[in-house]
Trainee: 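One structure, as structure tokens, below. Some questions next.
Below, read A as the first sequence line, B as the second, and so on, with proteins coming before strands; counting in each chain starts at 1. On a predicted model such as this, the values are computed, not experimentally measured, just so you know.
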Number of protein chains: 2
Amino acid sequence: MAEDRRRTAQQERVKQSLDEADGFVSAGDLHRRIFAKGESIGLATVYRHLNAMADREEIDVIAVDNERLFRACAPEDHHHHLVCERCGKAVDLPPPEEAWFADVAGRHGFTLTRHVLEIFGVCAECAAASR
Amino acid sequence: MAEDRRRTAQQERVKQSLDEADGFVSAGDLHRRIFAKGESIGLATVYRHLNAMADREEIDVIAVDNERLFRACAPEDHHHHLVCERCGKAVDLPPPEEAWFADVAGRHGFTLTRHVLEIFGVCAECAAASR
DNA sequence: ATGCGTGCAAACGATTTGCAGAGAA
DNA sequence: TTCTCTGCAAATCGTTTGCACGCAT
């Protein structure tokens, strides 16, 4: 069954780092973050755990440009982010428009299953630093 | 400027084949379709035109898994789609909320660079077929 | 001891780029 | 002629996989 999985340090590192990262991160990002914490892991292993968790639907995945971004899935506090492309800082966004999605979907005869919204930009500090 | 572009047969082939393809197609698909019509073109050239048109926002691009899909699209009905998870059918979404992104970003001191919005669901037909 | 999990490097598929030659202006 | 566009092949990039070894069970 699905329960013959082993509990390992790497498993934990990937999951924890993904939790710490607020918002979407790429596999490479995550790998870098883990090393930044002084811990070690192979890039391939990061991918393997990321894919495994995605298969089990424990995390969210979106495809952007030529890479995939992963995010710890927290169904309850489902909200969106405004992410700084320079420093990675993320700001939570209020979900007032949440209903709009279901509305639009329904208007086109669709049954809504999931949606993803991420906004990227450059925060005031980074903008000031680069000039 | 933008007007020192030359008009070539390849340019036309890419654009026309994209028009003929109903829905989203990958660069490789398009390349194959062009050959299927007895015409010829280099794969790199297909990519170059696809990217050029995408930059000019003459076509739509969505990232799925590890590849990008392109589709002919009128400049007015800008971005964002409602995608059926079963059959892949994509419906355009009106952009009335477009301004909301820049607004929210600005309110947090961010300079907007790009945003990702994906809405997935099951279309009426697929919903009916699966029951 | 048994076999899943890991690291490394090679393999891969999609996309990009360098460069010399072809063709539009 | 001039200078952009094209084709081909090599180069990148993100991701996956083969294989031998280590470690959890």
Side-chain angles (χ1 to χ4, degrees), chain A residues 1-18 21 23-56 58-71 85 88 118 120, chain B residues 1-18 21 24-56 58-71 88 114 116:
Chain A
M1 295 292 291
E3 288 317 323
D4 57 353
R5 226 177 299 122
R6 296 184 181 177
R7 216 159 62 54
T8 66
Q10 286 84 341
Q11 158 98 275
E12 210 45 49
R13 286 175 194 160
V14 172
K15 192 168 186 54
Q16 188 176 317
S17 291
L18 190 58
F24 286 92
V25 286
S26 67
D29 269 345
L30 217 49
H31 185 237
R32 246 168 271 123
R33 283 164 184 263
I34 292 176
F35 269 81
K37 296 201 293 183
E39 303 179 329
S40 171
I41 192 176
L43 178 56
T45 301
V46 172
Y47 275 107
R48 280 192 274 240
H49 280 298
L50 247 19
N51 287 335
M53 292 194 286
D55 284 346
R56 271 178 262 134
E58 293 176 14
I59 62 177
D60 276 348
V61 193
I62 58 174
V64 173
D65 203 42
N66 288 323
E67 66 182 358
R68 278 144 70 192
L69 302 183
F70 306 82
R71 178 185 64 175
E85 293 190 312
E118 289 292 305
F120 298 91
Chain B
M1 341 248 90
E3 287 317 323
D4 56 353
R5 227 177 297 123
R6 293 183 182 177
R7 215 160 64 57
T8 66
Q10 285 85 341
Q11 158 97 275
E12 209 45 49
R13 285 175 194 160
V14 173
K15 191 168 187 55
Q16 187 177 318
S17 291
L18 191 58
F24 287 91
V25 287
S26 67
D29 268 345
L30 217 49
H31 185 236
R32 245 168 272 123
R33 282 164 184 263
I34 292 176
F35 270 81
K37 296 201 295 183
E39 303 179 329
S40 171
I41 191 175
L43 178 56
T45 302
V46 172
Y47 275 107
R48 280 191 274 240
H49 281 298
L50 246 21
N51 286 335
M53 292 193 286
D55 284 346
R56 272 178 261 134
E58 293 176 14
I59 63 177
D60 271 351
V61 192
I62 59 175
V64 172
D65 203 42
N66 288 322
E67 66 181 359
R68 275 137 81 188
L69 301 182
F70 306 81
R71 181 185 64 169
R114 67 199 169 91
V116 175

Trainee: Can you tell me how far P of C:dT15 sits from CG of B:N66, to the nearest Å?
Mentor: 9 Å

Trainee: In Å, rounded to the nearest 0.5 Å, how long is the span from CG of B:D60 to CZ of B:R71?
Mentor: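 Interatomic distance, B:D60 CG to B:R71 CZ, rounded to 0.5 Å: 5.0 Å.
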
Trainee: Could you state the CZ-C1' distance from A:R7 to C:dG5, rounded to the nearest angstrom?
Mentor: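 Atom-to-atom, A:R7 to C:dG5, this comes out as 14 Å.
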
Trainee: For C:dT16, take OP1 and OP2 only and decide whether either is under 4.0 Å from a side-chain N or O of B:N51.
Mentor: yes

Trainee: Where the side chain of A:E67 is concerned, which of D:dT4, D:dT15, D:dA9 is the nearest nucleotide?
Mentor: D:dT15

Trainee: How many Å lie between CD on A:Q11 and C1' on D:dA24, as a whole number?
Mentor: 13 Å

Trainee: Looking at the side chain of B:R68, which of C:dT15, C:dA25, D:dT15 is the nearest nucleotide?
Mentor: C:dT15

Trainee: Let me know the distance between CD1 of B:I41 and C1' of C:dT15, rounded to the nearest Å.
Mentor: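 B:I41 atom CD1 is separated from C:dT15 atom C1' by 15 Å.
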
Trainee: Any side-chain N or O of A:T8 under 4.0 Å from OP1/OP2 of D:dC23?
Mentor: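 Checking A:T8 against D:dC23: no side-chain N or O falls below 4.0 Å of OP1 or OP2.
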
Trainee: Please state whether the base of D:dC5 and the side chain of B:R48 form at least one donor-acceptor pair under 3.5 Å?
Mentor: no

Trainee: If only atom types and distance count, is the side chain of B:R13 paired as donor or acceptor with the main-chain N or O of B:S40 below 3.5 Å?
Mentor: yes

Trainee: Measure CZ/A:F35 against C1'/C:dC8 and give the value in whole Å, please.
Mentor: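 Spelled out: CZ on A:F35 to C1' on C:dC8 is 12 Å.
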
Trainee: What distance do B:K15 atom NZ and B:L30 atom CG have between them, rounded to the nearest 0.5 Å?
Mentor: 11.5 Å

Trainee: With a non-hydrogen cut-off below 4.0 angstrom, is B:H49 in contact with a base, only sugar-phosphate, or nothing?
Mentor: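 Sugar-phosphate contact only - B:H49 comes under 4.0 Å of backbone atoms but never of a base.
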
Trainee: In this structure, how many angstroms lie between the C1' atom of C:dA14 and the CZ atom of B:F70, rounded?
Mentor: 10 Å

Trainee: What integer distance in Å separates A:R13:CZ from C:dG5:P?
Mentor: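 The answer, rounded to whole Å, is 16 Å.
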
Trainee: Would you indicate which nucleotide in D:dT6, C:dA25, D:dA9 comes nearest to any side-chain atom of B:T45?
Mentor: D:dT6

Trainee: Given atom CG of B:L43 and atom C1' of D:dT6, what is their separation to the nearest angstrom?
Mentor: 13 Å

Trainee: When you get a sec, tell me which of D:dC3, C:dT6, D:dT15 is the closest nucleotide to the side chain of A:Y47?
Mentor: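 Side chain of A:Y47 sits closest to D:dT15.
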
Trainee: Can you tell me how far CZ of B:R68 sits from CG of B:L50, rounded to the nearest 0.5 angstrom?
Mentor: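 Atom-to-atom, B:L50:CG and B:R68:CZ are 8.5 Å apart.
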
Trainee: For atom CZ of A:R56, decide whether the heavy atoms of other residues, nucleotides or ligands shown that lie under 6.0 angstrom number more than 12.
Mentor: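 Enclosed.
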
Trainee: Would you kindly compare B:S26 and A:S40 by the position of their nearest DNA chain C nucleotide and give the one closer to the 5′ end?
Mentor: A:S40

Trainee: Checking contacts here: which listed nucleotide (D:dT4, C:dT15, D:dT6) is nearest the side-chain heavy atoms of B:Q10?
Mentor: D:dT6

